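Here's the structure, in structure tokens; my notes come after.
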Amino acid sequence: MPAHRPAWLDSVLARATAVQATDRYAHVADVVADLEHGLSGGAGTAPQRPQPLYARNPLRFWQGLCALLAIALLVLLARA
């Protein structure tokens with residue numbers, strides 16, 4: 001399953017291709033309405049994933065990475 005496909009589209013496709021006829025859309029207009037609702041960013045959309053630290057605060061990310069590298073360097077120097 002591609003990671004770039006939104007969750008609302010998966011639910012629309014799952015309902016449109018359901019095995020049981022009672023679980024499927026009754027009319028094509030219902031499918032179109034759900035697709036339009038999803039594309040417009042309606043309330044039924046999946047919540048956004050939290051951004052990783054390097055996207056939210058790149059400075060804090062690089063400071064933490066440098067601190068870890070400094071600690072690793074000190075440990076290696078102490079062992080030598």
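These numbers were taken from a predicted model, which means no experiment stands behind them. Each residue takes its place number in the sequence, starting with 1.
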Transitively linked via ILVMFWY side-chain contacts under 4.5 Å: Val32 with Val12? no
Does Leu53 sit in a hydrophobic cluster with other residues, and if so which ones, taking ILVMFWY side chains as linked at heavy-atom separations under 4.5 Å, directly or through other members? Tyr54, Phe61, Trp62, Leu65, Leu69
Hydrophobic cluster of Leu73, others only, ordered by chain and residue number, side-chain cut-off 4.5 Å: Leu77
What heavy-atom pair brings Arg15 and Asp23 nearest, and what distance separates the two atoms? CG-O, 3.3 Å
State, to 0.1 Å, how close Arg56 and Gln51 come at their nearest heavy-atom pair, and which atoms those are. NE-O, 3.0 Å
Kindly write out the residues that satisfy side-chain contact (heavy atoms from CB on, under 4.5 Å) with [X], not counting sequence neighbours, or none if the list is empty.
X	value
Ala33	none
Ala26	Asp30
Leu59	Asn57, Gln63

For Asp34 and Trp8: C-alpha separation, side-chain torsions, deciding distance, then whether side chain to side chain contact (heavy atoms under 4.5 Å, CB included) applies. CA-CA 9 Å; Asp34 280 353; Trp8 63 265; over 6 Å; no
Check: Arg24 side chain, Val19 main-chain N or O, donor-acceptor pair, under 3.5 Å: yes
Among pairs that include at least one residue of residues 12-32, which meet ring-ring contact (aromatic ring centres under 6.0 Å, His included), considering only residues two or more places apart or in two chains? none
